[in-house]
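Here is the structure we will look at.
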2 protein chains.
Amino acid sequence: MSSIKDVAILAGVAVGTVSRVINKSGAVKPATRRKVEEAIQELNYVPNEIARNFKMRKSKMVALMLPSIWHPFFSELAYYIEDELDLEGYKLMLCNSGGKPEKELYYLEMLQQNKVAGIVGITYNDIENNVSNDIPIVSIDRHFNKKITCVTSDNYEGGRLALRELVKAGARKPAFIGSVTSVYSETMNRREGFIQEAKTMGVEYVVYEKPDPVEDDDAYFDELLKEHHDVDGVFAITDIFAAKYIERAGRQGIRVPEDVKVIGYDGIQDHPYFHPLLSTIRQPVEEMARMTIRLLYEKIEGKDLEQQVYRLPVTFRQGETT
Amino acid sequence: MSSIKDVAILAGVAVGTVSRVINKSGAVKPATRRKVEEAIQELNYVPNEIARNFKMRKSKMVALMLPSIWHPFFSELAYYIEDELDLEGYKLMLCNSGGKPEKELYYLEMLQQNKVAGIVGITYNDIENNVSNDIPIVSIDRHFNKKITCVTSDNYEGGRLALRELVKAGARKPAFIGSVTSVYSETMNRREGFIQEAKTMGVEYVVYEKPDPVEDDDAYFDELLKEHHDVDGVFAITDIFAAKYIERAGRQGIRVPEDVKVIGYDGIQDHPYFHPLLSTIRQPVEEMARMTIRLLYEKIEGKDLEQQVYRLPVTFRQGETT
DNA sequence: AAAAAATATTGAAACGTTTCCAATTTGGTG
DNA sequence: CACCAAATTGGAAACGTTTCAATATTTTTT
């Protein structure tokens with residue numbers, strides 16, 4: 001593998017000059033430029049990006065840390081994040097934490113050692129104190145405090161919207177179901193919006209939560225179905241959670257949407273090939289991804305951001321479950 | 001940010017000694033080790049991995065290049081690949097090529113500049129000639145020639161299995177449907193196996209392919225349905241393709257599995273929440289991912305591999321479409 | 001207790017760039 | 001033609017590590 005030095009020798013110039021040609025920095029005479037370019041051609045020279053990063057003390061690598069890329073919501077998110085990063089020549093490093101605290105910390109440490117330019121974090125733990133100040137972070141759906149900017153969908157409005165849609169679809173006693181994740185999770189506002197709107201509209205409602213991590217899903221759902229057989233509407237904290245409910249309810253002969261209307265949250269199915277097509281509160285995934293990266297850029301450039309939390313509007317997508 | 005030099009000064013030793021403490025290479029007296037460790041503590045020192053990579057002229061970064069992480073099969077694959085890489089302290093860089101030749105080449109060039117330790121490629125183009133010899137590559141489902149090792153499922157046997165299962169489920173005139181991707185794609189063997197088995201069993205069959213890239217899916221399926229209304233079994237080249245077919249057929253009043261039995265390939269649904277649950281030829285995704293990485297390790301270590309292509313066995317998963 | 005052997009440590013070079021200052025060349029002007 | 005400013009180029013330091021030969025220290029052997 002030839003280096004900039006080899007190029008310089010072959011072209012009969014100094015390494016500094018080659019560097020200037022490559023980076024188009026500073027002035028070089030057309031004749032010199034040509035000589036250098038020929039040498040580069042001949043030697044098949046490619047700049048060593050690692051040496052560059054080392055010298056410049058910065059890299060164009062951004063890490064995305066999330067529980068699991070396997071999850072459809074995250075893989076869609078990752079898709080757009082990579083796309084947006086590539087526009088500016090940034091690269092994406094993928095870290096599956098499994099949501100485990102120790103793995104999150106382990107990755108954080110590693111990322112620090114690798115001097116990544118920035119981190120996009122979807123974590124279960126408060127990583128605020130485990131990260132040095134010189135590495136910009138934008139989090140999705142988790143709001144710790146002002147050091148880490150948060151991008152999320154408008155969970156509160158989403159909750160209100162879900163309640164209204166359930167009522168509109170005919171539900172008289174809707175329930176919010178979900179698993180409690182982190183206290184820092186913005187997703188908990190889905191519940192708050194739901195409750196608030198139910199109170200405002202004077203609708204009877206139920207909140208039935210399950211502590212995370214999952215112990216026994218089936219038991220949870222069975223208990224729910226037994227204790228609240230008069231529930232005729234369900235707003236689930238995620239689409240997957242909604243799908244699980246429908247599956248379990250179906251086994252007990254409860255039909256959706258005839259007996260119970262169901263609304264999820266996320267909007268993971270982009271193809272209408274599998275059924276039931278969930279009625280859901282659709283997050284603007286692409287927008288969230290792109291905004292996250294653009295905010296991260298601002299932080300990388302040292303700018304201060306106006307807001308701590310950026311909430312993007314959600315929409316209701318009518319499916320077959322309401 | 002403090003460097004190894006700062007640590008050396010504070011501990012009153014040479015930088016080489018600190019290096020040996022950090023890397024547990026060479027001998028150091030317990031007393032010295034303690035001094036150094038204290039200094040590291042005090043300064044909050046973390047080794048600069050970039051400087052290390054630079055000096056060692058190698059990194060622990062492996063790139064995964066695929067059409068789109070959004071696709072459920074790839075995101076499952078990526079999940080296991082990341083997991084296996086992490087076991088050995090390797091990191092994963094994710095590159096969505098969109099299957100576009102120019103983007104694949106662009107990424108390849110970039111990866112070369114970044115001196116990644118290896119590449120896992122799921123490409124649409126023959127990248128054999130666009131990659132320098134000193135960067136190990138393992139490809140999934142694409143077999144070019146001996147330079148690039150290929151890991152794939154046993155597509156041929158999968159095709160035979162699908163044909164047999166269709167017949168077993170009652171199909172008299174099964175069809176293979178799919179889009180033609182690359183000539184290098186091992187996935188084309190799904191068709192070959194299907195055809196071979198049909199001939200062996202003396203079953204009438206149809207092959208109906210659509211050139212890639214996708215122009216108009218709907219038109220393709222409509223034509224298929226019109227021209228071959230006597231087809232009563234379908235083996236689709238992927239699960240998604242199968243799902244599309246079912247959707248389109250359903251609109252024309254064709255019921256699955258009553259009128260037509262359908263079998264897909266991949267096994268993407270890990271949760272039985274959405275229907276129809278496809279009958280499918282399930283690829284051993286986890287095994288494929290882990291084997292790919294282990295083979296890549298061997299190549300990184302300079303070992304020669306025994307085979308050019310590694311085919312892993314598939315299984316039939318009974319769903320609701322046969 | 002001296003010599004030999006084993007163990008620890010130091011110090012400097014090297015990795016491939018960028019950048020900055022100084023030196024040189026070029027081109028224009030009077 | 002001499003001079004000056006601007007343009008171009010050269011050369012070397014610096015980035016933070018690892019590694020290796022050389023030196024220093026400790027332990028073992030006789």
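The figures here come from the full heavy-atom set of this structure, side chains too, leaving out hydrogens, waters and symmetry mates. In what follows, chains are A, B, ... by sequence order, proteins preceding strands, each numbered from 1. Note that this is a predicted model, so its numbers are computed, not measured.
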*In terms of side-chain geometry, is the basic nitrogen of Glu301(A) or Lys303(A) positioned less than 4.0 Å from the acidic oxygen of its partner?*
yes
_Nearest-angstrom distance from the residue atom CZ of Arg52(B) to P of dT19(D)_ = 10 Å
*Measure from CE on Met1(A) to P on dA14(C) and round the result to the nearest Å.*
21 Å
*If you look at every heavy atom in Leu77(B) and Ala289(B), which pair is closest and at what distance?*
O-CB, 3.9 Å
*Of Pro30(B) and Asn23(A), whose nearest nucleotide on DNA chain C comes first from the 5' end?*
Pro30(B)
_For a side-chain contact (heavy atoms from CB on, under 4.5 Å) check, start with the C-alpha distance between Tyr106(B) and Asp86(A), then their side-chain angles and the critical distance, and finish with the verdict._
CA-CA 11 Å; Tyr106(B) 153 77; Asp86(A) 185 51; 2.7 Å; yes
*Give a yes/no on whether any side-chain N or O of Arg20(A) is located under 4.0 angstrom from OP1 or OP2 of dT9(D).*
no
*With centres under 5.5 Å and planes under 30°, do Phe54(A) and dC15(D) count as stacked?*
yes
*Base, sugar-phosphate, or nothing for Ser3(A), non-hydrogen atoms under 4.0 angstrom?*
sugar-phosphate
*Would you give the length of the straight line joining atom CD1 of Ile81(B) to atom OH of Tyr90(B), rounded to the nearest 0.5 angstrom?*
15.0 Å
*asked:* Would the distance check show the side chain of Lys115(A) and the main-chain N or O of Glu49(B) forming a donor-acceptor pair, the cut-off being under 3.5 Å?
replied: no
*Could you give the NZ-to-P distance, from Lys55(A) to dC15(C), as a whole number of Å?*
16 Å
*Could you check Arg33(A) against Lys29(B) and say which one's nearest nucleotide on DNA chain D is further toward the 5' end?*
Arg33(A)
*Could you work out which one of dT9(D), dA14(D), dA12(C) sits closest to the side chain of Val15(B)?*
dA12(C)
*In whole angstrom, give the distance that lies between atom CD1 of Ile4(A) and atom C1' of dT19(C).*
12 Å
*5' precedence on DNA chain C between Ser19(A) and Ala51(B) (nearest-nucleotide basis)*: Ala51(B)
*So what does Thr32(B) touch, heavy atoms closer than 4.0 Å: a base, only the sugar-phosphate, or nothing?*
sugar-phosphate
*Whole-Å distance between dG16(D) P and Arg57(B) CZ?*
20 Å
*Grab the CD1-P distance between Ile50(B) and dG16(D) for me, whole Å please.*
11 Å
_Whole-Å distance separating the CD1 atom of Ile9(B) from the C1' atom of dT17(D)_ = 15 Å
*How long is the line joining CE of Met56(B) and P of dT17(D), in whole Å?*
13 Å
